[in-house]
Amino acid sequence: MLRNFLIALVLASFGFIFLNLYNSYEPKTELTGIAAHYAENGASEVGAANLVTAVVVSYRSFDTLGEITILFLTAAIISFFLKLSNEDENKVIIHKGTSEILKTASQLLIPLIFLFGVYVFINGHLTPGGGFQGGAIIASGVVLAIMANPNMTINHTVIVWVESLSGVTVVIIGVLGIILGGGFLDSTLDGYGLGEFGTVFSAGTIPVIYSLVGLKVGAEISNILNKYQKSQKES
Amino acid sequence: METLELGKIGLLIGFLLVIVGFWGILQQKNIIKIIVSFTILNTGINLVMVALGYIKGRTAPIIDDSVEQLANHNVINAIVDPVPQALVLTAIVIGFGVTSLLLAYAMKLFRAKKTLEINQFNDLKW
Amino acid sequence: MVDPIFIVVAALGVGFLIGILGKLGKTFTGLLSLLTIAFMTYVSAGWLLAFYSGSQVAEVITTAGFQAPFSISLLMGYNEAFLTTIVNFMGLLGGIYLFFNFGRKGRNAYVVYIVFLMGLNVVIMSRDLFNLFVFLEITSIATAGLILIEDGNRTVGAGFKYMLATSVISSIFLLGIIFIYFFTGTLSLEDLYNNANLQNAGGAIAIFLVMVAAILEMKPFPANGWGLDVYEGSHQGFSALISTATATASFYMLYKILLIAGAAWNYPIALIGAFTFIGANLFAVKQKYARRMLSYSSIGQLGLLMMIMGLREYLGDNLNFIVVTVLLTNVLAKSGFFWLIGMVKALKLKEWAIIRRKPFMLFLMGVFIFALIGFPPFPSFFGKWEFIMSLAKVGGFSWIAVILIGSFFEAIYLFRWYGMAVKGEDIYDNLEFKTKLNKLIPVGIVTALLFIIGYFSAQYTEAGAMINFIPFIFVLVLFAVDKLPLMVKNIASIAALALHFYMIYPNLAGDNLRLIFEVIFMVGGILTLIAGFSYKGVRRGFYPVAILMYAGLTAIIEAHTTLGFFYGWELMTAGSYFLIIRGKKSMPHALSYMLFSIAGAYAILAGFSIAGIGYTDFNLDILNNIQYFPNWAYGLLLVGFLTKTASIGLHIWLPGAHGEAESDVSPMVSAILLKAGVFGVVLTLIGMTKSDFDLSTLAYILGWIGALTALVGNIGAVFQEDAKRLLAYSSIGQLGYIIFAFAIMTHLGWLTGFTYTINHFMYKAVLFLTIGAVVLRTGTHNMYEMGGLIKKMPFAFVAVLIGIIALSGVPPLSGFTGKWLFYNAVIEKGWYFQGTIVFFSGGLAFLYLFRLIHTIFLGQLKDNHRELKEISIWFLIPIYTLIAGLMVFSAKPQWVLQPLGEIIANYFPNGGLRWDGAFAYTQLGHWTGTGVMITIATVFVSILIILKMLTRKAHKLEQFDVVFSGERPERPETTHIAYNMYAGFYKAVWPLTLPYFEKFWEWATNIVHETAGFGRRVYSGNGQAYMLHIVLFIIVLFFITIGGSL
């Protein structure tokens, strides 16, 4: 009873706080602060048509490194959290087969999904999308594959190699930024790699980084899915 | 009646989702429902973030033909704020990580006591 | 200097690579990880050294090739270098400690661990609000993962609660961040400080949201149940890191955000800190489990840090010193403690008795406890000192009270625990613990660092730099060589005391006041140590702690500053605690001794802090001219010192503590240690004589306290059956006389006081040594179980006889000197009523002193005592040396009283004794010690000769020539009246003997326990309830801070 009253009180109070925030909200009419700088100079400084990508992979690339780390961390934690005993690991569970429609469709769709995912992260600096989105699309392909064939096993080694190598490469490119450019994760490499604005091979290392991120995210999400799938074996 | 601007609508719905999320995490007893409430809460916050970056009558922060049409290549007058969108991207990924870890915890908890009632997990107290 | 960004590069690079390299094996992965953390430590420590040397300026590290605010920048300044060094170094030690635990979980555990540390580094260095959020999430997620390196339902439950709580907190944080961005258009911290765009209602709410999130990360009371569970539930190797490394980073994050929020938030932060500090430490009192208790303690420390942060503007130049010392002590001691728990694995407090199986571990535990409570020479001692002194100067007395009360609660539970470890019964054969080298090394390192940093902390202030640490180092050496035979250690200890006395004698030669006390401490120390030769074997742990006490005592005498005095005072307290707890049944008594001592020490500290107002240094002379609140300052100091002298109401610790102590410890703590309290009282009273204020009321109250103490102590002594407790109660009474005499505040009064002090030292040492030696022979403290020992132990009998003559104030011995002076002083002062009470108490003394002779040495020899021998020669040597001293003092009192008169004349020039040869004159009459001695001796010898002649033909009566009338006495009370000897008298005075004070303190204890027991139920263990606490905390704080102004 007291609990319910307190919860109601809390929600009402949050409502009050939000109402005050809402009242102080004046819709923006023009860009201010750092956003104005990005809009004006983003194209020339970073060379990416997609300014969100410019912010994510260049200006605030350190955050993005953190993001990659979080996914990586989650995958790592889940892998030792849901680690199976050797006995369970070797257990074989035969799942019921799924419908023919799903199987057939997946064979058609999965390559397309992967291709689309690759497209999304390679063009992340030009069009809406990017590494995270592309990676998530690839992982959705993996989900489809698992659903179509519950007994399949994902090749763990491949995932680990993709995950590790892409992560290390991102860090190395970041360090290249220190050596060649103006600081850690400098995507422009001091302006040498900007290329022609609006094309795939432009915007410095952004497409490279985003591709690596896409691979890494795809691998990591697949890895997490893999662990979830495997943990069904736990007795 | 004055029509609500898109930014304000986004803000209001976002806040509403946040409150719904808080209601869920405080009221629901089932751990999975609590986790779902967290994602509702996060979605609300993400919506608030995007709404705050909205500027009426402008386009997405991607420099292409539409920008040219809108403001004659004057990017600063054509696009909405790209920063909140970038932040939302990060926030979503973080939310994903947290949710998957919470779910992993839920699995472990269920294995331990064969229940998902949050009241059952108070071994450590006082 | 290595670019700090390489901390991130190394951590992530290796972290990512381990995925592949992990195939090379666990050991390889583990070593690679440790190497990485070592590199991170190297980077941050390099910066720290550069800043320390003074040449370095803070450096901004930009990322992505753009300047802030357009990109994210990190800052490596002095603060950041210091804090990241802590994080990385503790991370390295923790990594060593957890090496094999990680190994069992597979390579990913190492990865998570490295990333965890990296995240903390960035949280400390980041200068971007959103980046702070991202890396805070990294550390939260990594923490949620690392909790799981220990299996078990409790752990998973704790981790889940942690995730729930941090998710709520980070949601609030994110909401605040986005609105701050909306109002300001920037995320760079530099741009956000004093940002005008936040000066509106929305800005205030946005700031509130980030602020409350940062506060919640510090686990404020009562929204911290999740924090407790994590500390308790996760592997203790990792709890050590959460309570140190994470706490350090959270602390700095709060600081960075506080700078955005502005000065208006200082007070709320300090208040929340105060609540947390008191609440957590109060609830810990009720804990039965070691892990959870320490969790409460950790949260209490966070509260203290928040208090310091909120009050930082009052701390001036001392701020950094205070933060560094408090933080480092907490980091080192708390991590060491958690690691210790991880090794010992005893859950319940009482199971900790098993730690005694490895004495070194017991030593470590002691170090951590004393460090946490803020004893010297550990850093927090000096930090808390500066903190309190600074607060007093700005009138922050209520904050001082909060710190002292919270610290006192902390002392209650930590010392109760330590008592169980040192003295509890080790009946847990089912429990065992191993000490692996990789776990012992980190604990050893933090212990060493505590001492080293403590030493350097002392050098910070002028007063601290004057402290002589050589005695303390000698104590540590004694700890190290504790396995040597007793003979060696005893000789070394005696030599050390003698050498020390010889060396400082020149410094004290002109200061007879201090010289008297130093002689009591050092010569008394040597004499009582001689008795130790009678023990056999190694006597582990005795010498370090005994010398610790003497080191403290001499430091008190040598101190020129209040800090130095307090340093000595605390050392002495610590040493005497260990001495007392050595007794067989001493566990509860040592605890009550310690708690009274600490409370008293805090009163002294508060007194010093008030005395220090208006002064920039800590010279001890400030006591002579206290400028503000003199009644409070002197009053608090007196209360503190009276705790040590066991004055009425504060005396209940003494009988047990002195009575149950070992035979040679009782004289140390009674005859010698109590004089430290007297010295303190004298110092305070000297200050009062010099003060310009009228403090006569205080002295008057003190007089009453002394008189009533004399009554209570002596009445208590009359009804004891336990010989040592009898002497202990008698000490209370005697100290009452001393306090009363000094309170008279005249020349004669003080002369009486000093005479009593010297006397009490000698006869109480004689009596306790003798009775202690007798107890060693008979194996019992109960007097009615002894009897007729006069023939077995004639030397002991003579010693006790002389001791009680001196004590009771009968001519010809020095007790009479004191009494004669006393009555002169009382009559001169006109305190007749109080004087009568003291006189009545003196009468009571005859009653109990008679028992010592009658019951122990006369009457029937008990059957089981027929084979007893004289007490040990090692006891007789100091006893008879002291008796010789008593004789000299009695026969030639002028040798001592004349110099004493000269000292006292500095404060009370008039009304002294007028000496004419051996004759002393007052306005009331005259007296001569020598003459009395000769007269009594003549009378005594004459009577003896006459009796001898008269009784030449008398039949010699054997001791057993007693007729029982056919009855065979079974119980002692049937043979003679040894048992319950004063039953008749008891009927007359029983209301006075009721344990009023014991009842009062029991009641106070119960209140604390009940409150703690009730309050801690808020932590119901339900993760959802914890989230409710968090949001309620947010709401309440919102309406308290800014809600009203909207």
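We name chains A, B, ... by the order of the sequence lines, and we start the count at 1 in each one. As the structure is a computational prediction, the values presented were derived from the model and not from experiment. We use all heavy atoms of the structure for the numbers below, so side chains are in, but hydrogens, waters and symmetry mates are not.
Heavy-atom distances place the backbone of S1020(C), and not its side chain, under 4.5 Å from chain B. For a residue to count as touching a neighbouring chain, one of its non-hydrogen atoms must lie under 4.5 Å from one of that chain's; by this rule L148(C) touches chain B with the side chain only. When heavy atoms are compared at a cutoff of 4.5 Å, R292(C) approaches chain B solely by way of its side chain, counted from C-beta outward. Only the side chain of K161(C) comes within less than 4.5 Å of a heavy atom of chain B; its backbone N, CA, C and O stay farther away. Residue contact with chain C, scored on non-hydrogen atoms closer than 4.5 Å, involves the side chain of N42(B) exclusively. Within the 4.5 angstrom heavy-atom criterion, only backbone atoms of Q27(B) (N, CA, C, O) approach chain C. Of the atoms belonging to F38(B), it is side-chain heavy atoms, and not backbone ones, that fall under 4.5 Å from chain C. If you measure heavy-atom distances from L41(B) to chain C, the contacts under 4.5 Å come from the side chain alone.
Listed for the R1016(C) side chain is no donor-acceptor partner under 3.5 Å among the backbone atoms of K125(B). Distance alone, capped at 3.5 Å, is enough to place a donor-acceptor pair between the Q287(C) side chain and the W126(B) backbone. Listed for the Y105(B) side chain is a donor-acceptor partner under 3.5 Å among the backbone atoms of A144(C).
Here the closest non-hydrogen pair linking P84(B) and I178(C) is CB-CD1, 4.3 Å.
Here the side chains of Y181(C) and D81(B) are in contact, with some heavy-atom distance below 4.5 Å. Contact of the D123(B) side chain with the D229(C) side chain is not registered, since no non-hydrogen atoms from C-beta on lie closer than 4.5 Å. Residues R111(B) and V156(C) form no side-chain contact, since every pair of their non-hydrogen atoms from C-beta on lies 4.5 Å or further apart. No side-chain heavy atom of I25(B) sits less than 4.5 Å from a side-chain heavy atom of V1031(C). Annotation: side chain of I94(B) is not in contact with side chain of L174(C) (no heavy-atom distance under 4.5 Å).
Here the CG atom belonging to L124(B) is positioned 4.5 Å from the CD atom belonging to E232(C), to the nearest 0.5 angstrom.
The choice from N119(B), V18(B), V88(B) that makes the most heavy-atom pairs within less than 4.5 Å of chain C is N119(B).
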